[in-house]
Q: 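Structure provided below as structure tokens; questions to follow.
Just so it is clear, the values below take in all heavy atoms, side chains as well, and ignore hydrogens, waters and symmetry mates. Note that ligands are numbered from 1 as they come in the structure, with each ligand's atoms numbered from 1 the same way. Bear in mind the structure is a predicted one, so any value in this text is a computation, not a measurement.
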Amino acid sequence: MKITYLGHASLSIETAGKTLLVDPFISANELAKHIDINSLKADYILITHAHQDHILDVATLAKNTGALIVSNYEIVTHFEKQGFTGHPMNHGGTWQFDFGKLTYTNAVHSSSFPDGSYGGEPGGFVIESNGKVIYIAGDTALTMDMQLIPMQTKLDLAVLPVGDNFTMGIKSAVIAADFLACNQILAYHFDTFGFIKIDHQEAITYFKNKGKNLTILPIGESKTI
Ligand code: NI
Ligand code: MN
């Protein structure tokens, strides 16, 4: 599984011969100017919740690639009304796709579309593919529900928001790593706006002192597990 960080909460995951894009918010991200969205491939677009900083480029990318949109029922319905095809899920549900299994997990956050309409309840994803398991938390607070995940699977990597203010921050993310029984963490949802700027070295050191590894990828760089 190869995970490429596309800035903010956007990821590209290559696995089992397929490409999954997660929460594409690229074209309006000053920090991701070097990423050309027209060069991105996708077989699937996974959306954690309806906020603008997670869905901005979905329509463009779905049009470019013909990718299947996977999210909660409300978000999938929203995009189906625009003519796209999707696969609706809801919390706790798992579905077998051709690349592997996806589970839509709980998140403590909000989820409205940019016009204020209801975007369903926010979530995250567990992706099981090619013998590896990763958890993408979505925008969330630290939540006790994270403890349910290692009761059902063994994670190789957890992608957690660390920017604070809108989501959990560094200290909560370390506790989340304990709840998830996973010491390999990839940071996302930081630095994009003033409210979520973090000190990278301080964050890495804080994790290290707790016996955990925090990876902060430059935008456009990848990690393979
Ligand atoms: Ni959000
Ligand atoms: Mn967000």
Q: Closest heavy-atom contact between D57 and I26?
A: OD2-N, 2.6 Å

Q: Looking only at N, O or S atoms in D139, which is nearest to the Ni ion (ligand 1)?
A: OD2

Q: List the atom of Q52, the atom of F25, and the distance in Å for their closest heavy-atom pair.
A: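 Where Q52 meets F25 most closely, the heavy atoms are O-CD1, 3.6 Å.
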
Q: Angle at the Ni ion (ligand 1) between NE2 of H109 and NE2 of H49, to 10°?
A: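 Here the angle at the metal atom is close to 100°, to 10°.
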
Q: So which of the N, O or S atoms of H51 lies nearest the Ni ion (ligand 1)?
A: ND1

Q: Assess D53: does it contribute an N, O or S atom lying under 2.8 Å from the Ni ion (ligand 1)?
A: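 For D53, the answer is no, given that no N, O or S atom comes within less than 2.8 Å of the Ni ion (ligand 1).
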
Q: Measure from the ring center of Y188 to the ring center of H8 and say whether it is less than 6.0 Å.
A: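 Between H8 and Y188, which both carry aromatic rings, the centre distance is not below 6.0 Å.
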
Q: Restricting to N, O or S atoms, which atom of H189 is closest to the Mn ion (ligand 2)?
A: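 Relative to the Mn ion (ligand 2), the closest nitrogen, oxygen or sulfur of H189 carries the name NE2.
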
Q: Rounded to 10°, how many degrees is the angle OD2/D139-the Mn ion (ligand 2)-OD2/D53?
A: 180°

Q: Would D139 and H51 count as having a side-chain donor-acceptor pair, cut-off 3.5 Å?
A: no

Q: Do the side-chain N and O atoms of T4 and S12 include a donor-acceptor pair separated by under 3.5 angstrom?
A: no

Q: Does one side chain, of Y135 or D156, offer a donor that lies under 3.5 Å from an acceptor on the other?
A: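 Side-chain D/A pair, Y135 to D156: absent.
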
Q: How about H8: does one of its N, O or S atoms come closer than 2.8 Å to the Mn ion (ligand 2)?
A: no

